[in-house]
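What follows is a set of notes on a single structure, which appears directly below.
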Amino acid sequence: MATRNATTGILSEGKAAEREELIELLKKAYWMEIETVMSYIASSINPDGVRAQEIIESLQEDVQEELGHAQQFARRIKELYGVVPGSLEFAAEQSYLQPPEHQTDIVHVVKGVIEAETGAIEHYNRIIEFTDGLDFVTQDMVIAILHDEEGHRRLFEGYLREYEAEGLA
Ligand SMILES: [Fe+2]
Ligand SMILES: [Fe+2]
């Protein structure tokens, strides 16, 4: 007995073009998460100094969260009949999260994290708008991830405020 394709929703044949476009947006999100994992591993280990500890602990936690996000994006790509890309397709973009000249330069790390989270927030808002009325499952998933990123950004904005108050940023 032949199986039947979905007749409505993002998995239907009529939505093939939209699905392709969405998969590309999800692949970009997947790579952003992967690069964030790399940058946060380095940034949670490199910093030196008494004031680095809070940042180190925050980023250690975030590594696990961002990895979880990458896995969610990957799973959704497959559910939409896409293929999770191989590592050769990866291209790094996070110039702002490279190790600072001095390992005690915490402000550099804090600003880099805010930049990364802001980029994620912008891209995920775009996916949420693209999926509106088209794919509520992806939309729901990305809304939850966006919530995490907004929390990350707010936490690091709080760290930056302290440095700004002391004239260090
Ligand atoms: Fe993330
Ligand atoms: Fe994040």
Side-chain angles (χ1 to χ4, degrees), residues 10 19 21-47 49 51-80 82-100 103 105-132 134-164 169:
I10 190 66
R19 210 160 53 231
E21 206 176 328
L22 177 55
I23 286 169
E24 289 310 307
L25 292 170
L26 293 174
K27 281 184 184 173
K28 180 176 165 63
Y30 171 73
W31 288 130
M32 288 171 86
E33 296 288 350
I34 295 283
E35 186 171 14
T36 299
V37 168
M38 288 193 271
S39 294
Y40 287 7
I41 287 175
S43 301
S44 67
I45 290 175
N46 284 332
R51 306 186 74 163
Q53 282 316 304
E54 192 73 26
I55 307 299
I56 285 173
E57 282 166 33
S58 280
L59 287 175
Q60 275 173 350
E61 262 179 51
D62 286 352
V63 165
Q64 303 306 322
E65 269 196 58
E66 311 297 10
L67 181 60
H69 293 162
Q71 289 173 308
Q72 287 186 71
F73 282 117
R75 246 177 255 126
R76 192 59 186 154
I77 288 167
K78 181 174 177 177
E79 285 168 355
L80 294 172
V83 175
V84 182
S87 58
L88 287 180
E89 282 184 47
F90 176 71
E93 289 179 357
Q94 294 180 349
S95 54
Y96 45 85
L97 262 177
Q98 302 308 300
Q103 281 169 269
D105 186 355
I106 305 305
V107 170
H108 171 92
V109 174
V110 171
K111 286 183 173 173
V113 169
I114 292 171
E115 183 64 38
E117 298 295 342
T118 302
I121 286 167
E122 286 168 355
H123 186 57
Y124 301 168
N125 269 296
R126 195 172 152 219
I127 298 177
I128 289 164
E129 279 167 28
F130 183 82
T131 49
D132 197 47
L134 174 72
D135 177 359
F136 294 115
V137 175
T138 298
Q139 188 181 52
D140 191 55
M141 182 189 90
V142 179
I143 287 170
I145 295 173
L146 175 64
H147 191 182
D148 289 343
E149 313 302 12
E150 287 180 347
H152 296 159
R153 185 170 70 173
R154 180 62 185 87
L155 182 65
F156 277 76
E157 280 174 348
Y159 294 141
L160 190 61
R161 278 185 189 182
E162 188 182 311
Y163 287 98
E164 282 170 346

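Just so we're clear, the structure is a prediction, and the values are computed from it rather than from any experiment. We count ligands from 1, going down the list as the structure has it; atoms in each ligand are counted the same way. Count residues from 1 along the sequence.
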When you compare the side chain of E117 with that of E66, does any pair of heavy atoms fall below 4.5 Å?
yes
Take the Fe ion (ligand 1) and tell me which protein N, O or S atoms are nearer than 2.8 Å.
E33 OE1, E33 OE2, E66 OE1, H69 ND1, E149 OE2
Could you give me the CA-CA distance, side-chain angles and deciding distance for E150 and R153, then say whether salt bridge (Lys or Arg N to Asp or Glu O under 4.0 Å) is met?
CA-CA 5 Å; E150 287 180 347; R153 185 170 70 173; over 6 Å; no
Distance (rounded to the nearest 0.5 Å) between R19 CZ and E79 CD:
12.5 Å
Supply the atom-to-atom distance N46 CG to D105 CG, rounded to the nearest 0.5 angstrom.
12.0 Å
Value for CZ (F73) from CD1 (I23), rounded to nearest 0.5 Å, stands at 14.0 Å
For E164, is there an ion pair with R161 - N to carboxylate O distance below 4.0 angstrom?
no
